Structures are given as structure tokens and as C-alpha cells.
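These notes concern the structure reproduced below.
Since we're looking at a predicted model, the values are computed, not measured. So you know, we letter chains A, B, ... as the sequences are listed, proteins then strands, and number each from 1.
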Number of protein chains: 2
Amino acid sequence: MTNKGKGSKSQRILDVAEELFALHGYDGVTMRQIAKGANVDVALANYHFGKKLDLFYAVFNRRAEVLSSWRREALLASREKAAGKPQTLEQIIEAFLLPLKVAQESGDPGWRNYLALLAYVMTSPIWNKILMPEVFDKRVGEFVEALKSALPNARDDDIHWCYQYVSGALALTLAQTGRIDRLSDGTCLSSDFDAAYDHMIPFVAAGFRAVCGD
Amino acid sequence: MTNKGKGSKSQRILDVAEELFALHGYDGVTMRQIAKGANVDVALANYHFGKKLDLFYAVFNRRAEVLSSWRREALLASREKAAGKPQTLEQIIEAFLLPLKVAQESGDPGWRNYLALLAYVMTSPIWNKILMPEVFDKRVGEFVEALKSALPNARDDDIHWCYQYVSGALALTLAQTGRIDRLSDGTCLSSDFDAAYDHMIPFVAAGFRAVCGD
DNA sequence: CACTATATTCAACGAGCGTTGAATTTGCAA
DNA sequence: TTGCAAATTCAACGCTCGTTGAATATAGTG
């Protein structure tokens, strides 16, 4: 066989693990649940990915590099489009958010699950320290640099606080808790990422200007 | 004995459970860990609080009503202070955040743990649906009404999206992940709630105006 | 003091956990 | 077709989990 492609059993294990980890967290999921969801014996997950912790890492890393490189490309493309002139705040933020929007709307439910998993990792005091530095923190550095160019008089700490707010707003959106559906009586939908991102860009741009502007 | 006051064994169980649940989540904590942390037999936690799930609810509810009433009072006090005139956006947001700041800086480490637990519940797709409606969602309704008064031309959905961003920014701050310390090379500290709230108020006020303003 | 209710511990249960070594199946190469 | 390595399942291990019933300690009451 040697089939590790799309739809293979090892991929199905990753997909199911991704969905369950995103919903219940690392400790809320058992190897047997994952195996059952993938229609596979428990031992197979161990055979392919080692221990439960390694499986968790495998799930997280599978799409981390992909997403991170999309972000890098989006930021580069945005810089090119500005053609030498400094990018506007809105352009920078848009470039930062675009890959997430694309992933969400790719049609692949795996991406939606992954972004919910990312929100779980971002907000967890434990996993954050372990998983965020390796891949995502570097991209944030580039983003912060771009922001500094657009806000030349900003203090470093002001920018970082504002970045934390963006990060939090984003995480809660990716988490898909369904709370906005409830609070707005169905006027807003957690699943409506177009609306989420369209509102987020002017919101955080104005926030940055208010805190870091001249 | 009949001592259920501060420092009693049942209170110690709640305190330890609060800290561990906030750090590791519901499934990441065992009854035996809690008992050990409280220097108490496992069976005692069951005797006082019933099943593990009931203990979790007891931990969450212990401070939920307190915090929620503080919020109500802060909003009322802010409205009174405005003396008939419509409150400014900043005043409304300040009233919304003030109780959390007070709790954080109360010196009681239990409150810091509880707010991290609140962040965990807010961002969890599972617990959010179960625990947020009962106490906190109602207070949000009052907050949204106040915002509508300050932003008379705002659309309902705009306000709710903006509220979600505030909620996310707040949750990530309460979660105390330590990420801002890392990203800013120590310039900003997760534990510095004064800075967190002082930056957050102008940030979200400007965001609201940009999205919901005239 | 004796009585009683509450608080706390002790000891153990059955179930489910992650993990593993051996057996079996599968797919490809010779 | 035979041989071999990868993939998959089977069966079981030792352990820890949440929970419980009985035993013990503690504190207030008469």
C-alpha cells in the first residue's frame, strides 16, 4: 500500500484528532475516541505517531508551517503592492488576517478545526509556551516590524499591547464558541467569517491609531 | 467544627481546584491532584461537592455572582456620575472593565486564578455554552444597551461584532499566557494589569467609533 | 459525661486509560 | 509465486481514574 496521501488511515487519524482536540482539548480526548472516529484500531495511532503527546504535536505541526508561510507571502505581497510607499495600517492588518480567512473559507473542514485548535493553543497557559514560539512567534515579529513602519512614533510597549488585543479578538473568533450567535439573537453568526474579518480590520486599525498614533 | 469559612478544608479544596482548573482545564486535573494540593483525602472533595463536574460548577459559581454584581454596580455608578447626560464610550468601557481590574489587583491570588478560569470558559466551545448564559450573558445585555445609547446610529450587528473583539482581547489578557512577555522581550508583562487596562480602553473605544460611529 | 451530627479518612471497586509485543493482513518486488 | 516489509489488528499489561460504603475522628449539645 504505502498510501500516506489524502484519505489514508494515517491522515484520517490526524483529521479526527484535530477535530476532537480542538473541541475538547488535549486531556479531554482519548486515543480510543480518536481511533474509533477514524475507524481504526487504537494501536495504529501509536504505530504511526508514537505517544499521545507526539500525535498532538503532529496534528499541530501539520498545518502550522503552511499557515505561517501563507502569512509571510501575504505580508510580502502587501509590501510589494505598496510599491515603496509605506503600507497603510489597514493593509498590514489585512495581510495578517487574510490567510486565516482563506483557510476558514477553503471548504476544507480540517482547516476550520485547525484554527479552533490554534485558538485553544493560543489561550492555554500551558500549550502557548510550548507550541507558539517554534513557528508562529517569528511571523509576529515581522508583523510588528511592519506596524512600526506604519506608526513611526509608536512606543514598543504600546504596539505590543495592541497586538495582544488583536490576537485575543482573533482567537475568540477562531474558537467558534457560538457566543455571538446567542448574544445577538442570531443577528451575527460565528460561522460568518467574512463579517468577522470585515469588522475586525477597521476596529483594530482605529485601535492602533488611538493608542500608537501621533 | 462546622467551619466553612476562610481557610477551612472545603474552601481550600475550592481554591486548589480553581487554580488547577484554570491552568490545565477540566480534563487536565484529577480529583486526587486537587485533594493532594489541599492536603486532604480524595473522598472529602466528593463529600463536600459531589461529583467532579459539580465541583467544577461550584468553583465557577463561587465568584461568578460576586463579579457580575460588581459589574452591575460599576455600570450604575458610571451612569449616575454622568448625571443624565449620555455616558461617553470610554466611561462605559471603563465601567465594564473596572471590576476585573479590581479583582486582579485585590491581592487575593484566588481572584487571579478565577479570572484565568473565566478566560478558559469563555474560549472553550464546550464550557462557554454551559456556563456563560446563566450569569454573565445578562450583564452583557446591559453593557450592549449602554453602548447603543452612546452610539445611537450603530447597527446591532456592528455592536455585537465589536463586543466580541473586546471580549476576546479581555479573555487573552485574563488568561495570563505570558506570550506578551516573550514577544516584547520583557518590555510588557502579563501580570501588569494596569498597563493592560489602560491600553485597552482607548483601543476598544476607538474601534467602536470606527465601526459603529456616525 | 454520653449522644449525635458533621467532618474526615480508609480501603477498595470497576472502568477506562496509554501503551506495547505478538500475530495477522496487505501490497509490492523479485 | 514466494518473500519481505509495511500496515493493521489483537490481546493484554499495569496504572490511574472517579466514585463509594464503611470506619474513624471531631465538635457541639444535652
Side-chain angles (χ1 to χ4, degrees), chain A residues 1-62 117 120-121 124 126-127 130-131, chain B residues 1-62 117 120-121 124 126-127 130-131:
Chain A
M1 209 192 281
T2 321
N3 177 14
K4 301 212 174 189
K6 215 174 174 181
S8 75
K9 293 195 176 182
S10 73
Q11 293 297 310
R12 255 162 44 210
I13 291 169
L14 286 177
D15 290 341
V16 173
E18 189 170 56
E19 179 177 358
L20 293 179
F21 282 141
L23 198 53
H24 299 101
Y26 178 77
D27 297 294
V29 179
T30 73
M31 296 295 281
R32 284 174 169 84
Q33 285 178 302
I34 295 170
K36 190 166 209 173
N39 263 315
V40 141
D41 189 88
V42 195
L44 190 61
N46 252 276
Y47 171 76
H48 279 301
F49 303 102
K51 307 201 179 300
K52 182 186 180 186
L53 190 57
D54 294 323
L55 170 59
F56 186 68
Y57 292 159
V59 168
F60 185 80
N61 290 329
R62 177 169 59 152
L117 179 68
Y120 164 70
V121 169
S124 155
I126 302 286
W127 299 114
I130 301 175
L131 292 174
Chain B
M1 210 190 284
T2 320
N3 176 12
K4 301 213 175 190
K6 215 175 175 183
S8 75
K9 293 196 177 182
S10 73
Q11 293 297 309
R12 254 161 45 207
I13 291 170
L14 286 177
D15 290 340
V16 172
E18 188 171 56
E19 179 178 356
L20 293 178
F21 282 141
L23 198 53
H24 300 101
Y26 178 77
D27 296 294
V29 179
T30 72
M31 296 295 280
R32 283 174 170 83
Q33 286 177 301
I34 296 170
K36 189 165 209 173
N39 264 316
V40 142
D41 190 89
V42 196
L44 190 61
N46 252 277
Y47 170 75
H48 279 300
F49 303 103
K51 305 200 181 302
K52 183 186 180 186
L53 191 58
D54 293 324
L55 170 59
F56 186 68
Y57 291 159
V59 168
F60 186 81
N61 290 329
R62 176 170 58 150
L117 179 67
Y120 164 70
V121 169
S124 155
I126 303 286
W127 298 115
I130 301 175
L131 292 174

Next item on the list: Mind running a 4.0 Å heavy-atom check of residues 14-25 of chain B against DNA chain C and sending the residues that fall below it, in number order?
Entry: none
Next item on the list: Quickly, which of A:Leu14, A:Val40, A:Asp41 forms a side chain to side chain contact (heavy atoms under 4.5 Å, CB included) with A:Lys9? Name it, please.
Entry: A:Val40
Item checked: Over-ring placement of B:Lys51 relative to B:Tyr57, 6.0 Å and 45° cut-offs -> no
Check: Can you give one letter per nucleotide of nucleotides 10-20 of chain C, going 5' to 3': B for a protein heavy atom under 4.0 Å from the base, S for sugar-phosphate only, - for none?
Finding: B-B----BBBB
Note to self: For A:Asp54 versus A:Phe49, what's the shortest heavy-atom pair and its separation?
What the structure shows: CB-O, 3.1 Å
Note to self: Just so I know, are the side chains of B:Arg62 and B:Glu18 near enough to count as touching, which here means a heavy-atom distance under 4.5 Å?
What the structure shows: yes
Note to self: Against A:Ile13, only a single residue in A:Ile34, A:Asn39, A:Val59 fulfils side chain to side chain contact (heavy atoms under 4.5 Å, CB included); can you say which?
What the structure shows: A:Ile34
Margin query: Any side-chain N or O of A:His48 below 4.0 angstrom from OP1/OP2 of D:dA6?
Written below: no
Notebook entry, point to check: Given the side-chain rings of B:Tyr120 and B:Phe21, with only the six-membered ring counted for Trp, is the space between their centroids under 6.0 Å?
Noted result: no
Check: Nearest-Å distance, CD (B:Gln11) to P (C:dA7)?
Finding: 12 Å
Note to self: Can you measure B:Leu44 atom CG to D:dT24 atom P for me and round it to whole angstrom units?
What the structure shows: 18 Å
Note to self: Applying side chain to side chain contact (heavy atoms under 4.5 Å, CB included) to B:Leu53 and B:Tyr26, what does each step give before you reach the verdict?
What the structure shows: CA-CA 8 Å; B:Leu53 191 58; B:Tyr26 178 77; 3.7 Å; yes
Notebook entry, point to check: Do B:Trp127 and B:Phe56 make the cut of ring centroids closer than 6.0 angstrom?
Noted result: yes
